[in-house]
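Everything on this sheet refers to the single structure shown next.
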Number of protein chains: 2
Amino acid sequence: MPERADAARNRAAILRAAERLLAENGRVSVEEIAQAAGVGKGTVFHRFGSRAGLMRALMETRVAHLTEAIETGPPPLGPGAPATDRLSAFLDAVVDLATRNVALVAAYEEEERQAGGVYQYWHRHVSTLIAQARPELDAELLAHILLGALHSDLVLHLVRRGDTGRLTATLRELVARLLSPR
Amino acid sequence: MPERADAARNRAAILRAAERLLAENGRVSVEEIAQAAGVGKGTVFHRFGSRAGLMRALMETRVAHLTEAIETGPPPLGPGAPATDRLSAFLDAVVDLATRNVALVAAYEEEERQAGGVYQYWHRHVSTLIAQARPELDAELLAHILLGALHSDLVLHLVRRGDTGRLTATLRELVARLLSPR
DNA sequence: CCAGTAACTGGACCGACGGTTCACTTAGTG
DNA sequence: CACTAAGTGAACCGTCGGTCCAGTTACTGG
């Protein structure tokens with residue numbers, strides 16, 4: 001038995017409410033989300049397990065199309081382009097995603113402290129690309145540092161100043177200098 | 001009138017207790033700290049204003065000697081050495097400090113979201129050095145990214161694997177590639 | 001169409017925590 | 001030694017994530 005119709009309806013309502021509230025105000029309690037979705041708090045926990053689970057689900061829907069583009073889309077985001085180009089394209093895409101969903105990314109980070117989920121997937125992607133381009137570097141660690149540039153604190157700071165273009169530019173510069181032969 | 005003797009005694013007791021508990025367990029509530037220090041919770045808030053204030057005070061005592069070394073100590077940490085060397089020396093010092101106080105740094109980060117305090121001071125230092133070495137780069141942003149490599153999440157991850165040497169090495173490599181002429 | 005049932009629902013409740021209040025105590029002063 | 005301002009701490013508050021459980025409801029097999 002897949003999922004009861006009312007359950008599916010409520011799940012969708014919860015996700016929609018959470019997304020809206022998160023975009024409007026910065027921080028939102030689970031109770032507020034439940035109320036806005038027209039359900040009880042218990043229902044939210046029944047469906048998503050915890051606040052973290054809800055944030056993860058939210059994040060995953062938002063990230064799904066990027067994941068697909070990476071795995072099966074056209075180059076340079078998808079397979080086929082040189083590692084350096086793929087890395088730049090990926091970072092561009094993530095900067096874009098992060099700047100357009102600051103509150104969600106912040107809420108997500110507050111829970112899943114880089115264990116499992118989206119972060120780990122991104123880390124492996126970046127790490128692999130670095131290792132392909134320059135096998136002698138500490139790809140794993142550099143991937144953490146590069147992704148650290150997307151921490152919500154910094155992005156929020158830049159968004160407030162309307163300066164997100166700097167982030168894209170600097171990351172490209174960084175990748176170029178890091179991955180080009182000396 | 002400077003500070004009453006009993007007040008000074010209690011302040012010291014609170015700081016000592018907080019430091020100890022933070023090193024032993026990861027997270028500590030203000031009440032636990034107060035109890036361990038043998039005072040009431042109200043006293044802690046009266047002295048430090050908030051949990052964040054307590055963490056800041058704690059952090060500042062831990063960081064004082066590094067600040068002094070930067071401002072008036074001998075090169076390469078202090079003034080006098082080339083910017084690149086000073087930057088490397090500084091990052092080494094901060095990695096060392098962070099790895100030996102993971103829990104404290106984590107607790108501090110949880111509060112002061114890079115507004116004012118220690119982080120801002122470090123950021124200006126790094127930013128200035130980068131600008132001196134390579135004026136055409138976006139020093140301010142790169143400083144944020146470099147300091148992002150010291151986020152407690154990453155440091156904790158490395159400390160657990162006994163791998164902190166990699167962080168120092170990679171940061172040196174990064175600085176070298178970033179600040180050397182192409 | 002109906003009865004059985006398992007999944008779903010939601011509001012009351014819980015424990016933890018950061019922070020506030022205020023009546024009381026105590027260290028320093030003239 | 002009395003006065004007072006600073007200091008103290010325990011009771012209290014609001015919020016929040018999470019749990020419980022009695023009642024409800026969507027599907028299913030007869």
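All chains are named by letter (A, B, ...) in the order of the sequence lines, taking the proteins before the strands, and each is independently numbered beginning at 1. Because the structure is predicted, anything quoted here is derived from the model rather than measured.
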Requested in this report: Check whether more than 12 heavy atoms from other residues, nucleotides or ligands sit under 6.0 Å from atom CD of A:E31, and answer yes or no.
Outcome: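 Incorrect, the count does not exceed 12.
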Report task. For atom CZ of A:R166, decide whether the heavy atoms of other residues, nucleotides or ligands shown that lie under 6.0 angstrom number more than 12. Result ->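 Enclosed: over 12 neighbouring heavy atoms sit under 6.0 Å from CZ of A:R166.
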Looking at the side chain of [X], which of [options] is the nearest nucleotide?
X     : options                : answer
A:F45 : D:dG18, C:dT9, D:dT8   : D:dG18
B:R4  : D:dT8, D:dA5, D:dT25   : D:dA5
A:H46 : D:dG17, C:dC8, D:dA26  : C:dC8
B:E3  : D:dG9, C:dT9, D:dG7    : D:dG7
B:V39 : D:dT25, D:dA11, D:dG9  : D:dG9
B:S50 : D:dA26, C:dC17, C:dG19 : C:dG19

Any side-chain N or O of [X] less than 4.0 Å from the OP1 or OP2 oxygen of [N]?
X     : N      : answer
A:T43 : C:dG10 : yes
B:N10 : D:dG7  : no
B:R11 : D:dA6  : no
A:R51 : D:dG17 : yes

Query raised in the report: Closest nucleotide of DNA chain C for B:E32 versus for A:G38: which of these residues is on the 5' side?
Result: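 So the residue in question is A:G38.
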Query raised in the report: Given that A:D6 and B:G49 both sit by DNA chain C, which one's nearest nucleotide is further toward the 5' end?
Result: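 Checking each residue's closest nucleotide, the 5'-ward one belongs to A:D6.
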Query raised in the report: Under 3.5 Å, is there a donor-acceptor pair linking the side chains of A:S127 and A:E140?
Result: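 No, because no side-chain N or O of A:S127 sits under 3.5 Å from a partner of the opposite role on A:E140.
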Query raised in the report: How many Å lie between CD on A:E31 and P on C:dA12, as a whole number?
Result: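 After rounding, the gap between these two atoms is 10 Å.
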Query - Qualifying residue, where the test is side chain to side chain contact (heavy atoms under 4.5 Å, CB included) with B:S152 and the options are B:H157, B:E109, B:E110 - result: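 Exactly one pass, corresponding to B:E109.
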Requested in this report: Pick base, sugar-phosphate or nothing for B:R27, based on heavy-atom distances below 4.0 Å to the nucleic acid.
Outcome: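 Here B:R27 touches the backbone only, sparing every base.
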